[in-house]
K.L.:
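The following block contains the structure, expressed as structure tokens.
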Amino acid sequence: MVDDATRPFWTGGADGQLLIRHCARCDRWIHPPVEICAVCGGALEPRPVSGHGTVFSWTINEQPFDPQVPTPYNIAIVVLDEQDDLRLITNIVNCPDERLEIGLAVQVLFERHADVYVPLFEPTDAT
């Protein structure tokens, strides 16, 4: 659901930016998007990150949960370069599944769905 806290994350791709909430008080990136920093209680502000990271973990899903989404597809956790525990659940695209591995360097790209821009990742050498 897109709300005030999540809107920058889902719409930043329109400008090619991956926007993650940041706490100026404790200098931490917080994801998933929330209104208040869980570490120090400070206010959070959406800020752009580099969009670079590494694959932390991944799996291949073969279960057809949604008939509109063909299987198999990968589900990955990417750690963004900005912070060791800043992780996003996503898909790795432009990459054969047999190439997926922990530590694979990736970069963000966006898939538009109406007014929402879904952040996906591809290997940094895919472009």
K.L.:
Would you say Asp115 has more than 12 foreign heavy atoms packed within less than 6.0 Å of its CG?
P.N.:
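No - once you tally the heavy atoms of other residues, nucleotides and ligands closer than 6.0 Å, there are 12 at most.
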K.L.:
If only side-chain N and O atoms count, and only distance matters, is there a donor-acceptor pair under 3.5 Å linking Glu82 with Ser50?
P.N.:
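A pair is found: one side chain offers a donor N or O, the other an acceptor, under 3.5 Å apart.
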K.L.:
Can you tell me if CD1 on Ile75 sees more than 12 non-hydrogen neighbours from other groups inside 6.0 Å?
P.N.:
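Yes.
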K.L.:
Would you check if there is a donor-acceptor pair between the side chains of Asp85 and Gln83 at a distance under 3.5 Å?
P.N.:
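Side-chain D/A pair, Gln83 to Asp85: present.
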K.L.:
Step by step, work out the side chain to side chain contact (heavy atoms under 4.5 Å, CB included) result for Val78 and Arg87.
P.N.:
CA-CA 5 Å; Val78 168; Arg87 300 175 182 168; over 6 Å; no
K.L.:
State, yes or no, whether a side-chain contact exists between Leu80 and Phe121 at a heavy-atom distance under 4.5 Å.
P.N.:
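With C-beta onward as the side chain, the pair touches.
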K.L.:
For the pair Tyr117 and Phe110, name the ring-plane relationship: parallel under 30°, tilted 30 to 60°, perpendicular over 60°.
P.N.:
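Correct class here is perpendicular.
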K.L.:
Dump the intermediate steps for side chain to side chain contact (heavy atoms under 4.5 Å, CB included) on Val55 and Ile92, then the final yes or no.
P.N.:
CA-CA 9 Å; Val55 173; Ile92 308 299; 4.0 Å; yes
K.L.:
Mind checking whether His22 and Val49 have side chains closer than 4.5 Å, heavy atoms only?
P.N.:
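When only atoms from C-beta onward are counted, Val49 and His22 do not touch, as no gap falls below 4.5 Å.
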K.L.:
May I ask you to establish whether Arg21 and Phe9 are in a cation-pi arrangement, using a distance under 6.0 Å from NZ or CZ to the six-membered ring centre and at most 45° from the ring axis?
P.N.:
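Relative to the ring axis of Phe9, which defines the angle, Arg21 lies outside at least one limit.
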K.L.:
Would you say Asp84 has more than 12 foreign heavy atoms packed within less than 6.0 Å of its CG?
P.N.:
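Counting other residues, nucleotides and ligands, CG of Asp84 stays at 12 neighbours or fewer.
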K.L.:
How close do Asp81 and Gly53 get, counting heavy atoms only, and between which atoms?
P.N.:
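Residues Asp81 and Gly53, closest heavy atoms: OD1-CA, 3.3 Å.
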